[in-house]
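This chain uses plain numbering: 1 for the first residue, then up along the sequence.
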Amino acid sequence: MWAAVVGIFLFSWGPVFVRDNEFGALPFAFWRLIGAAAWAVAALYLRGGRLDRRVLRHSLAGGMVFTVNAITFFTAIKTTSVANAMVVGATAPIFLLWAASRVFKERISYRVILATPVAIAGMVLMLLGRSAGSGEGSLSGDVLAVVAMFAFAGYLIASRIARNHLSALEYQAGWSTIAAALMLPISLLSFDPLVISDGWSWGVAATMAVTAGLAHLMVNYSHRFVPLRAISLLNMAAPGLAVLWAWFLFDEQLGGLQWLGVPLVVISVLAVILDE
């Protein structure tokens with residue numbers, strides 16, 4: 001459980017720093033993925049593993065659907081507020097609870113059932129409260145965030161299936177390599193330069209490659225021990241934390257409704273942790 005909790009905490013930092021760099025959305029996603037793939041593949045070989053056809057075959061679905069998530073989410077972060085992108089993205093548990101029950105035959109407890117609408121209500125308040133804050137939002141960015149939410153839900157489902165065949169490190173190396181390979185031509189076709197001269201931006205990309213990569217590794221490791229219903233609802237903590245980081249670090253002001261929504265999400269997540 002705690003591996004998933006630490007992973008979600010690391011996830012929450014990502015969207016904040018994505019905005020604070022000079023890369024375009026797609027080039028940033030590419031460098032972040034290729035950096036994550038590099039250290040994961042290196043660690044796999046150091047531990048005696050191999051990035052062979054078996055690993056790539058079981059990682060293909062996760063890598064492909066994560067590429068869709070990366071394209072839409074990183075673009076959304078650049079075009080709408082951090083609060084909007086994270087809050088919309090965190091509605092994935094609505095669909096993941098269905099998958100947990102119907103596909104993976106998990107028992108959904110009453111505590112989780114009650115916590116879900118409370119968390120969703122908190123996210124709605126945070127989203128509606130954007131008009132009272134100074135963080136900019138856009139309809140196109142919000143739509144992209146919705147697409148990213150569906151893609152991330154698919155990624156979590158694909159990851160859970162892949163972990164039946166691969167270790168967490170094998171899967172990390174496999175899906176990140178596939179996603180990086182898919183992102184290269186897409187980034188080259190974008191209107192943004194793939195290479196820039198801003199040192200801070202390269203530092204942000206390198207930091208994200210490590211922290212976000214570790215976050216994925218920890219969450220994917222927990223798939224063998226933590227029910228999907230718990231992982232899906234723990235993801236709701238990331239929006240609240242990201243909103244607070246954006247407020248604290250970059251002065252993205254929050255409205256009163258957003259301040260009311262954050263504790264609702266946090267309380268719901270604590271209820272899920274206690275349930276497990």
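Going from atom CE of Met149 over to atom CG of Leu144 covers 12.5 Å, rounded to the nearest 0.5 Å. To the nearest 0.5 angstrom, Phe152 atom CZ is 11.5 Å from Ile157 atom CD1. Put simply, CG on Asn164 and CZ on Arg224 are 6.5 Å apart, with the number rounded to the nearest 0.5 Å.
Here the side chain of Ser176 pairs no donor or acceptor atom with the backbone of Leu33 at under 3.5 angstrom. Under a 3.5 Å cut-off, the side chain of Trp200 and the backbone N or O of Glu22 do not form any donor-acceptor pair. Not one N or O on the side chain of Tyr171 forms a donor-acceptor pair closer than 3.5 Å with the backbone of His58.
Between His165 and Glu170, every side-chain heavy-atom pair lies at or beyond the 4.5 Å cut-off.
Between Asn220 and Arg163, the shortest heavy-atom contact is O-NE, 2.7 Å. Between Thr67 and Leu182, the closest heavy-atom pair is OG1-CD1, 3.5 Å. Scanning all heavy atoms of the two residues, the minimum distance from Ala173 to Leu44 falls at CB-CD2, 3.9 Å. Scanning both residues, Gln172 and Leu217, for their nearest heavy atoms gives OE1-N, 3.5 Å. Ser187 approaches Leu194 most closely through the heavy-atom pair CB-CD1, 3.8 Å.
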Discussion item. side-chain contact (heavy atoms from CB on, under 4.5 Å), that's the test. Do Arg32 and Phe23 meet it? Break it down for me.
Written reply: CA-CA 11 Å; Arg32 175 249 199 227; Phe23 277 112; over 6 Å; no

Practice prompt. Just do the side-chain contact (heavy atoms from CB on, under 4.5 Å) check on Trp31 and Val204 with the steps written out, would you?
Written response: CA-CA 10 Å; Trp31 288 116; Val204 171; over 6 Å; no

